[in-house]
Amino acid sequence: MRYTQYYIPTLREIPSEAELDSHKLMLRAGLIRKAAAGIYSFLPLAHRVLKKIIRIVEEEMDRAGGIQVLLPIVQPAEIWHQTGRWNVYGDEMFRLRDRHGRDFCLGPTHEEMITTLLKNEVRSYRDLPLRIYQIQNKYRDEIRPRFGVMRAREFIMKDLYSFDRDEEGLNRSYEAMYEAYERILTRCGLKFRAVEADSGAIGGDVSHEFMVLAPAGEAVILYCEACNYAANNEKATAALPATAGEPLLEVEKVATPGQATVAEVTAFLQVAPEKLIKTLFYKTETEFIAVLVRGDDDLNEIKLGNLLNQPYWLAPPEEIAEQLGLPVGYVGPVGLKEKGVKVLADHRIKAMKNAVCGANAQDFHLLNVNLERDFTVDTFADLRLAKAGDPCVHCGQPLQETRGVEVGHIFKLGTKYSAAMNATFRDEDGIEKPFIMGCYGIGITRMMAAAIEQNNDEDGIKWPLPIAPFQVIILALGEEQKAAAEQIYQELMAAGVEVLFDDRDERPGVKFKDADLIGIPLRLTVGPKSLAQGEVEVKVRMTGEDFRWPLAEVTARVLAYLKEQDPAGV
RNA sequence: CGGGCCGUAGCGCAGUUUGGUAGCGCACUUGACUGGGGGUCAAGUGGUCGCAGGUUCGAAUCCUGUCGGCCCGACCA
């Protein structure tokens, strides 16, 4: 492709709307332009990248037994009513009405659509398993779109749905997808980690997320280097510490005037934060709930939500004061039962001896408080936010922390949708059974952004070779070099290399800057200095390495380099 | 939805307090010089000042309404 016949509108100035590096660079490198909040046009370079990612995804889906289809974007409300999600989805769903007054939505996901399609077609276990996928636009009216295409309202996603006759089949489908996702991300040249994840509202018990590692990623990942345990911090758990062996002491009430926070109390009483019991109050529609965590721990609200399984919110201090007569900052578990408050506690509370907590009286705390003797707990559960340094649940080694962008998420759904929609097949034993389903999503547009987030520097993007819009860029520095550059261009084209030829009448500085910005992996510079010696200058964008190659060998060397770096590529 | 802020040329912004008929940088066009990391000079093109209504001799500027966007938070298969 000749630069002069192509369209790459690079920007020198940084548009003010962008925060993330990847967002800024996608605007500056001429990849995307915004049409509305969270709605983007993809320009030629971005389109080439998306096509490459899509091709890799398709190859790996097909290898894993996937069958490609294309499902509607516009979906009738009726199927969403069947699973109850028309109401559950709320404002996040784009809704529309046709001229006859019938309700539709723009599909945020396709479980309902695919289940509806198959339930009318697949009648027998002989037709199973089926792994159906599509690559389609999805629509979610995000409450706050941000970070460019990273959290957009319109985005491209690959979603595959598996239909099996039993759990064993589901497990096979799930494993096939897990491996396919590892292959996809590896082939795209991305550093990533698969982590155990919370399955959220979609249901099911097993779920993994695929995280592209990047410091600016929204997700926090905890992992163990010793045994490979890795989990999203929403889900991560840690091993319990041993119970302290100290003898129980008498409860003592001490004055702690003006010392309300954990930091203040530990400093004032000269005790470690892990000796404190932190008491938080939550409300549901029907009751107050006290949640106990250790002073050095934070509550994981997602775990709490999964345990409560109903709407809940942090109780406002005024309500705690008025309805329970308790001063926030000096609350503790002692005597809460008598006030009719349900008490939940993190497992770590069990191991505490002679703890410190609020006395439920303004400006007083209690020392040497002990479980059973001084207070009781209704339910123990894992409620704390795991953090770096915690002992791994599997092997006890300290957990590490890193951040990532969630690009893929796979779920075992079971019969949640098939049962709700009465999607059944006749099994070998003659019994009508609901499909055992799984769903597996990977964000195509988000992967592009994550790749940039992971691979950039102050000069621009550094595309991994397998998903780069072009493999090679040729810079002809001046008029005298154009002929030699043209010849290399023709040779590389003939050899099937994806090459961008910067034939613009621009100053060298402009060409260097643009080449770095758009991040083509291999840069060939044809300039007066090297050309006089019959050579071409070569620079590797990702590593910064540079070489000089004789003019006559350029094509062969380029081909060898590409082959070495990306054997699966052209 | 709550809090903070912003809509002026394709992009980034000034001008609004104190009303007088719109400006700077980048980009773009033309020419000359220049030619290894966004070069210099000169001459240009481009704006219903988000939209609607009002006040006024006169509104980017004041008032009312409305639409859109950004940041923080709640939320997020």
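The analysis underlying the following values was restricted to heavy atoms, covering all of them including side chains, and did not include hydrogens, waters or symmetry mates. Model, not experiment: these values are computed from the prediction.
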*asked:* Tell me if a side-chain donor or acceptor on A:Lys278 pairs with a main-chain N or O of A:Asp297 at a distance below 3.5 Å.
replied: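 Confirmed, A:Lys278 side chain pairs with A:Asp297 backbone.
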Return the value, rounded to whole Å, for the distance between atom [atom1] of [X] and atom [atom2] of [N].
{"X": "A:Glu92", "N": "B:C1", "atom1": "CD", "atom2": "P", "result": "16 Å"}
{"X": "A:Glu218", "N": "B:C76", "atom1": "CD", "atom2": "C1'", "result": "10 Å"}
{"X": "A:Leu43", "N": "B:C11", "atom1": "CG", "atom2": "P", "result": "14 Å"}
{"X": "A:Glu13", "N": "B:A27", "atom1": "CD", "atom2": "P", "result": "8 Å"}
{"X": "A:His409", "N": "B:C76", "atom1": "NE2", "atom2": "P", "result": "14 Å"}
{"X": "A:Leu11", "N": "B:C28", "atom1": "CG", "atom2": "P", "result": "11 Å"}
{"X": "A:Glu506", "N": "B:C28", "atom1": "CD", "atom2": "P", "result": "7 Å"}
{"X": "A:Arg33", "N": "B:G10", "atom1": "CZ", "atom2": "P", "result": "14 Å"}

Look at all strands and tell whether [X] reaches a base, only sugar-phosphate, or nothing, counting heavy atoms closer than 4.0 Å.
{"X": "A:Asp514", "result": "base"}
{"X": "A:Met157", "result": "base"}
{"X": "A:Arg523", "result": "base"}
{"X": "A:Lys34", "result": "sugar-phosphate"}
{"X": "A:Gly527", "result": "base"}
{"X": "A:Pro108", "result": "base"}
{"X": "A:Leu517", "result": "base"}
{"X": "A:Asp159", "result": "nothing"}

From [options], pick the nucleotide closest to the side chain of [X]?
{"X": "A:Lys529", "options": "B:C26, B:G38, B:G36", "value": "B:G36"}
{"X": "A:Ala37", "options": "B:C70, B:G37, B:A74", "value": "B:C70"}
{"X": "A:Glu537", "options": "B:G36, B:G35, B:C70", "value": "B:G36"}

On a whole-Å scale, what distance lies between the [atom1] atoms belonging to [N] and [M]?
{"N": "B:A74", "M": "B:U18", "atom1": "P", "result": "39 Å"}
{"N": "B:U29", "M": "B:G4", "atom1": "P", "result": "45 Å"}
{"N": "B:U45", "M": "B:U8", "atom1": "P", "result": "22 Å"}
{"N": "B:A60", "M": "B:G69", "atom1": "P", "result": "25 Å"}
{"N": "B:U17", "M": "B:U40", "atom1": "C1'", "result": "40 Å"}
{"N": "B:C67", "M": "B:U21", "atom1": "P", "result": "33 Å"}
{"N": "B:G46", "M": "B:G7", "atom1": "P", "result": "25 Å"}
{"N": "B:A22", "M": "B:U61", "atom1": "P", "result": "14 Å"}

Does a donor on one side chain and an acceptor on the other come within less than 3.5 Å for [X] and [Y]?
{"X": "A:Tyr417", "Y": "A:Glu111", "answer": "no"}
{"X": "A:Thr525", "Y": "A:Glu537", "answer": "no"}
{"X": "A:Glu58", "Y": "A:Gln68", "answer": "yes"}
{"X": "A:Asn171", "Y": "A:Lys412", "answer": "yes"}
{"X": "A:Gln134", "Y": "A:Asp159", "answer": "yes"}

Find the partner of [N]: check Watson-Crick (N1-N3 plus N6-O4 or O6-N4) and G-U wobble (N1-O2, O6-N3) distances, both under 3.5 Å, and reply none if neither fits.
{"N": "B:A42", "result": "B:U30"}
{"N": "B:G25", "result": "B:C11"}
{"N": "B:G36", "result": "none"}
{"N": "B:C70", "result": "B:G4"}

*Can you tell which of A:Tyr6, A:Tyr489, A:Trp463, A:Tyr3 makes a ring pair (Phe, Tyr, Trp, His ring centres under 6.0 Å) with A:Phe470?*
A:Tyr6
*A:Arg12 vs A:Arg146, nearer the 5' end of RNA chain B by closest nucleotide*: A:Arg12
*Upstream residue (5' side of RNA chain B) when A:Phe512 and A:Glu142 are each assigned their closest nucleotide*: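 Its nearest nucleotide being more 5', the pick is A:Phe512.
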*Side-chain donor or acceptor of A:Asp459 under 3.5 Å from a matching atom on the base of B:G37?*
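In this structure, the two groups form no donor-acceptor pair.
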